[in-house]
Amino acid sequence: MRDPIINIIKNAVIDCKGKGLLSIETIPPIILEKPRREEFGDFSTNAAMLIAPKEGKAPRKVAEIILNKVVDTTGIIKKFEIAGPGFINIFIDEGHWRNVLKEIVLLNEKFGRLTIGKGKKIQVEFVSANPTGPLHIGHGRGAAVGDTLANILDAAGFEVIREYYINDRGRQIFILGQSVFLCYLRLLGRNVAFPEDFYKGEYIKDIAEEFLTKHGDKYKNVQLGFPECLHEFIDFSMRTILSWIERDIKDFGVDFDVWYSEKTLFDRKLVDKTISELKSKGVIYGNDGATWFRTTGFGDDKDRVLIKNDGSFTYFASDIAYHREKIERGFDTIIDIWGADHHGYESRIRAVLKALGYDDNILKIIFIQLVSLLRNGVPVPMGKREGEFVTLRQVIDEVGRDACRFFFLMRKSDAHLEFDLELAKKQAPENPVFYIQYAHARIANIIKHAEEKGMALPTHNDIDLSLLNQNEEMSIIKTLASFPDIIKDCALSLEPHRLTFYLQELAAIFHPYYNKNRVVSNDIPLSKARLFLCIAVKTVIKNGLSLLKVSAPEVM
RNA sequence: GCGCCUGUAGCUCAGUUGGACAGAGCAACUGCCUUCUAAGCAGUGGGUCAGGGGUUCGAAUCCCUUCAGGCGCGCCA
């Protein structure tokens, strides 16, 4: 609906220019916005105010000149008004608004699907937690944001790949294997010391016990240090943890297209290849026995090590190969979702892309701020000691997947999030998940009631939508009609949280409407019209929730 | 010290990318069920948009600066 209106305004301006009524050289982009207040119409534009200074005329006068030449080619505009300092307010014909309901019911689950991303490939890489421990709630937030964003981009027409990067080699994995190994020996009664930087969580013991069950005590008397069997421990531990991660991810409703192994980058010599490519560009140098990448030449604070002086590679070395791979795979946009504590990493990754000759705008990074859990208004302690953190699993088990996903999306991702466990569990309207789902279930019940009374469900030809003439009804219709715009905004700004706000708003106008008006009554035509409205509301709630992967119950 | 993020109602946060008198949900008070789900609704109070300066016809939004909080500044991830 927006674009045709923009064109009408634009054509009027062009016409004015052609007739010498306006002398501007270039026409500013015409921006339509939805005014905050209803009396200002359905859309408004500040075009006249932008043009006015260049014309040396008053904005309202310019608006008048433009409106004199405006031709409504769509036939959906009721009137134009000049208001305030020079806004042009646009009022859409109500009949046209009502027809949106037919579109919604007709398109059903496809309402809200767009084509703006058509032909473009986007990769969203998220979670990517090291397989050295179970997923915690911070990962959960990243998963909710990444997966929902991917769903939204998909709805917007992009081809989306969801990817998890597994750090399945390197020092941390090695320490994991060592930790389990030592724990195994302890279980067998050997008195071994645990170094400071080893993993100590309860889960290490779980893995060690599992190892013991499967493989017995055959390594009971091996030498400490780096015995042959260590590789077996490393492999076993990592596989075990990965299986937990996969299970938690799946139960959280996320389905990755690709699990990308860091190790394969080395197996395929891509790390070496990337480094030699950089070398050929003259941005690599040796110092103190290490190999450095001159990232400062590309906006970073300091240069970074790729190969340590003990010959081992830093994670940064594989990251550059990985990001090079991402681009080589032909994505138009790559989105990395990182914990906010990694923000210092951004400039060095951008440096890589620039050094390799790519436009680093292709990379978008979303930072996920910390989550603090509250129970009865009191923060749940976590992260104090090693191994003492709240896992994603615990939260899913306690509050359920629906509330968990929704709550992670109630704030924009780079803001701290307070997650109230009691609120998330509450089956009451102050819980926004409940409130939205309840609107859906309520409508399902109305439909059921209508059917029980023998009322045939309304169809497109069998309905008089002009009976929906109350303010509340128009405002519901307009909110429903804006759903595709919300999807577009979320997709372009990469901010999925806007969807949760939208759904709360929709539920918040439906409930009062329900309370005030009877849908199914003896007035059959009116009942059908209202039922039709309700079906449209139900459809949009369901479509919105499904992007969040939150269920839309028929009965509550 | 340098860099990034944050600062909006008592609390938790939105704010359409610079627009029209600053919004919502909690919490607090006051009301509403012989009707399709009261698991709901209606009403009331509540603000120096951290402070100061600047740009602009117009600023919570952009620039500078001060203050407060968080994070980062490793041949860790």
Side-chain angles (χ1 to χ4, degrees), chain A residues 31-37 39-40 44-46 49-50 52-53 58-59 83-87 89 129-130 132 167 170-173 175 197 287-292 300-302 304-317 319 339-347 367 369-370 374 377 410-412 414-420 423 426-432 434-435 437-439 441-450 452-453 482 485-486 489 492-493 495 497-498 500-502 504-505 508 510-521 527 530-531 534 555-556:
Chain A
I31 294 165
L32 273 197
E33 63 173 15
K34 192 181 163 209
R36 210 183 287 265
R37 307 177 53 149
E39 66 210 73
F40 295 147
S44 81
T45 178
N46 61 356
M49 292 188 285
L50 294 178
F87 288 102
N89 292 339
N130 279 352
T132 53
N167 293 110
R171 188 176 144 75
Q172 298 305 318
I173 290 299
I175 292 177
D197 58 346
N287 190 26
D288 291 340
T291 302
W292 296 70
D300 197 8
D301 302 338
K302 53 175 76 169
R304 308 293 172 177
V305 169
L306 293 176
I307 307 173
K308 302 181 226 174
N309 61 14
D310 66 357
S312 64
F313 289 84
T314 61
Y315 279 80
F316 182 48
D319 278 343
D341 54 341
H342 285 60
H343 66 74
Y345 217 75
E346 175 168 9
S347 50
F367 293 102
Q369 264 296 356
L370 294 177
L374 296 182
M410 290 204 305
R411 303 284 173 259
K412 66 177 166 225
D414 58 359
H416 283 267
L417 169 70
E418 294 208 343
F419 192 127
D420 187 331
L423 179 63
K426 208 180 262 184
Q427 299 293 298
E430 57 263 34
N431 177 354
F434 170 84
Y435 188 72
Q437 290 179 320
Y438 185 56
R442 235 182 186 172
I443 295 172
N445 196 59
I446 296 171
I447 295 169
K448 189 170 149 236
H449 178 79
E452 281 166 3
K453 285 192 82 171
S482 71
D485 298 330
I486 298 295
D489 289 347
L492 296 182
S493 65
E495 291 183 349
H497 74 278
R498 298 186 188 196
T500 59
F501 280 88
Y502 171 79
Q504 290 182 79
E505 189 188 320
F510 175 74
H511 284 304
Y513 173 72
Y514 167 89
N515 211 259
K516 200 172 143 188
N517 300 282
R518 219 184 141 74
V519 175
V520 180
S521 66
S527 298
R530 289 182 172 172
L531 209 44
C534 287
V555 180
M556 285 172 75

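All chains are named by letter (A, B, ...) in the order of the sequence lines, taking the proteins before the strands, and each is independently numbered beginning at 1.
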Residue A/K34, side-chain atoms from C-beta onward, closest of B/A14, B/U16, B/G15
B/U16
From B/C5, B/C36, B/A20, nucleotide with atom closest to A/D414 side chain:
B/C5
What residues form a ring pair (Phe, Tyr, Trp, His ring centres under 6.0 Å) with A/F313, not counting sequence neighbours?
A/F266
Heavy-atom contacts, protein to nucleotides 26-34 of chain B, under 4.0 Å, summarised as B (base), S (sugar-phosphate only) or - (none) per nt, yield SS-------
Quick note, A/N46 side chain, CB onward, closest among B/G19, B/C36, B/C13 is B/G19
Syn/anti label of B/U17 as read from its glycosidic torsion, with the cut at 90° from 0
syn
Can you tell which of B/U12, B/A39, B/C41 lies closest to the side chain of A/P512?
B/C41
State whether A/D319 and A/R304 are salt-bridged, where the test is any N-O pair (Lys NZ or Arg NE/NH1/NH2 against Asp/Glu carboxylate O) under 4.0 Å.
no
Where is the tightest heavy-atom contact between A/H497 and A/R411, given as atom of each residue plus distance?
CB-O, 3.5 Å
A/T314 side chain to A/V305 backbone, donor-acceptor under 3.5 Å
yes
Nucleotide nearest A/H497 (side chain, heavy atoms from C-beta), chosen from B/U17, B/A20, B/A14:
B/A14
Quickly work out the A/Y438 OH to B/A38 P distance and round it to whole Å.
5 Å
Taking the P atom of each, how far is B/G10 from B/A68, in whole Å?
22 Å
Per A/H511 side chain, nearest of listed nucleotides B/A39, B/C41, B/A20
B/C41
For A/H416 and B/U8, what is the distance between atoms NE2 and P respectively, to the nearest whole Å?
13 Å
Interface polar pairs with nucleotides 72-77 of chain B, N/O, under 3.5 angstrom:
{"unit_1": "B/C73", "atom_1": "O3'", "unit_2": "A/K302", "atom_2": "NZ", "d": "3.2"}
{"unit_1": "B/C73", "atom_1": "O2'", "unit_2": "A/K302", "atom_2": "NZ", "d": "3.2"}
{"unit_1": "B/G74", "atom_1": "OP2", "unit_2": "A/K302", "atom_2": "NZ", "d": "2.9"}
{"unit_1": "B/C75", "atom_1": "O2", "unit_2": "A/N309", "atom_2": "N", "d": "2.7"}
{"unit_1": "B/C75", "atom_1": "O2", "unit_2": "A/N309", "atom_2": "OD1", "d": "3.2"}
{"unit_1": "B/C75", "atom_1": "N3", "unit_2": "A/N309", "atom_2": "ND2", "d": "3.2"}
{"unit_1": "B/C75", "atom_1": "N4", "unit_2": "A/D288", "atom_2": "O", "d": "3.1"}
{"unit_1": "B/C76", "atom_1": "OP2", "unit_2": "A/K308", "atom_2": "NZ", "d": "2.7"}
{"unit_1": "B/C76", "atom_1": "O2'", "unit_2": "A/Q172", "atom_2": "NE2", "d": "3.3"}
{"unit_1": "B/A77", "atom_1": "OP1", "unit_2": "A/Y315", "atom_2": "N", "d": "3.4"}
{"unit_1": "B/A77", "atom_1": "O3'", "unit_2": "A/N130", "atom_2": "ND2", "d": "3.4"}
{"unit_1": "B/A77", "atom_1": "O2'", "unit_2": "A/N130", "atom_2": "ND2", "d": "2.8"}

